[in-house]
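One structure is given here, and the rest of the page talks about it.
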Amino acid sequence: MVLILMGFFLSSFFLGRSLNYRKQRVYYRLLRDALMPFVQKFSFKGMGSSGFTIALPYKVVKKMPFRKLEMTVLLLDRENVLHYLISRLRRDKDKTIIKMDLRSRPNIVMEGALRGSPSFYMALGVPHEKRLRVLKEGSLSSKYLVKATDTGTARRILEVFMKAEHFRSVYPYIEYFSISSRSPHLILVYNNNGKYAHIFEFLKSVAEGLNDLFGRAEKKKR
């Protein structure tokens, strides 16, 4: 019996590892195809079978509305069959973590979690700072649990998202987002079911809108 179990877990380990490397190649090609019309070069860093990171170099971002853009693909733990089954029961999926530094520093702490997603239940279970208030109004508040230090600015940020290019193509796959004055200024957890369709145009448009919003706030302080 012990030998049978050992054989099962070993075979599932190598099968899961093979599946993850195969998925990595698929996700890399999709990301490359999404970026190459706009970006000629980017760096690649592998993380074994668990994923990889793509980052835009300085020569590229200096012409963009952001100071840094990094995308990390994180795959489910298919090598551990029990862990994988638990993740699937939680409705978890392969994800891409997008980190961006804007040209203008945000003056708010804000986060949003897609209702019904693993990030939503995690947000409910983790204690938050008392200064974060729930945004109860707005078209996206029905889809996301949104908390912020300034609800007025939070509404304007959501308007920037909704007015961004290809918003309707991208936002159904955004599971979580956060904005703060600390680097990275913007974090997006992207559900890989979206296939990265128009993701770069959306991010560029969001960065332009947020730079304008926070840039005007900086001028008022002077």
Side-chain angles (χ1 to χ4, degrees), residues 34 61 64-72 91 93 95-194 196-222:
V61 297
M64 300 291 177
F66 37 76
R67 297 182 185 275
K68 181 179 77 174
L69 182 63
E70 181 180 289
M71 300 181 178
T72 299
R91 298 195 297 174
K93 298 183 176 78
K95 292 180 175 62
T96 301
I97 313 299
I98 300 168
K99 297 179 180 179
M100 178 194 295
D101 274 348
L102 301 166
R103 296 285 175 186
S104 298
R105 187 181 295 274
N107 59 356
I108 188 175
V109 175
M110 175 181 178
E111 68 172 6
L114 182 66
R115 296 183 184 277
S117 69
S119 294
F120 171 73
Y121 295 111
M122 189 178 296
L124 287 179
V126 176
H128 294 277
E129 300 177 62
K130 292 181 180 179
R131 61 192 183 122
L132 290 182
R133 292 178 289 170
V134 176
L135 185 65
K136 298 180 180 179
E137 300 173 2
S139 57
L140 284 183
S141 61
S142 61
K143 298 284 187 181
Y144 293 86
L145 170 65
V146 180
K147 295 185 177 183
T149 51
D150 182 343
T151 55
T153 301
R155 290 189 184 92
R156 289 191 284 275
I157 289 170
L158 293 180
E159 288 175 4
V160 168
F161 274 78
M162 289 186 288
K163 291 178 181 177
E165 292 182 34
H166 303 291
F167 166 75
R168 293 189 178 278
S169 299
V170 174
Y171 101 93
Y173 309 105
I174 297 175
E175 184 177 300
Y176 174 87
F177 63 87
S178 70
I179 296 176
S180 74
S181 59
R182 297 180 179 179
S183 179
H185 296 149
L186 174 64
I187 297 175
L188 294 177
V189 177
Y190 186 79
N191 181 320
N192 280 16
N193 283 352
Y196 307 115
H198 306 296
I199 187 67
F200 186 80
E201 300 100 308
F202 171 76
L203 292 172
K204 185 171 178 288
S205 183
V206 166
E208 290 169 349
L210 293 179
N211 283 332
D212 182 58
L213 176 63
F214 298 129
R216 282 186 276 118
E218 288 177 355
K219 288 178 181 179
K220 287 181 180 179
K221 290 182 180 180
R222 295 171 185 171

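Scope of the values below: all heavy atoms of this structure, side chains included, with no hydrogens, waters or symmetry mates.
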Within this structure, what is the [atom1]-[atom2] distance for the pair [X] and [Y], rounded to the nearest 0.5 Å?
X      : Y      : atom1 : atom2 : result
Phe66  : Ser104 : CZ    : OG    : 14.0 Å
Phe177 : Ile187 : CZ    : CD1   : 12.0 Å
Asn193 : Lys95  : CG    : NZ    : 10.0 Å
Glu175 : Thr96  : CD    : OG1   : 11.5 Å

Which heavy-atom pair separates [X] from [Y] by the least distance, and what is that distance?
X      : Y      : result
Leu158 : Met110 : CD2-CE, 3.8 Å
Leu114 : Tyr144 : N-CD2, 3.3 Å
Val109 : Leu132 : O-CD2, 3.5 Å
Thr151 : Val134 : CG2-O, 4.4 Å
Asp150 : Thr153 : OD2-OG1, 3.0 Å

I want to check something: taking the side chain as every heavy atom from C-beta on, are [X] and [Y] in contact at a cut-off of under 4.5 Å?
X      : Y      : result
Ile98  : Ile199 : yes
Leu203 : Tyr190 : no
Phe214 : Ile108 : yes
Val61  : Arg67  : no

Pair listing, side chain to side chain donor-acceptor pair (under 3.5 Å) test, anchored in residues 177-187, at least two apart:
Asp101-Ser183
Under 3.5 Å, which donor-acceptor pairs do the side chains of residues 163-174 form with other protein atoms, sequence neighbours left out?
none

Enumerate the salt bridge (Lys or Arg N to Asp or Glu O under 4.0 Å) contacts for residues 200-210, please, sequence neighbours excluded, ordered by first and then second residue.
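Every pair satisfying salt bridge (Lys or Arg N to Asp or Glu O under 4.0 Å) with a residue in residues 200-210: Lys204-Glu208.
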Check the pair Asn192, Lys93 against side chain to side chain contact (heavy atoms under 4.5 Å, CB included), reporting the backbone distance first and the verdict last.
CA-CA 7 Å; Asn192 280 16; Lys93 298 183 176 78; over 6 Å; no
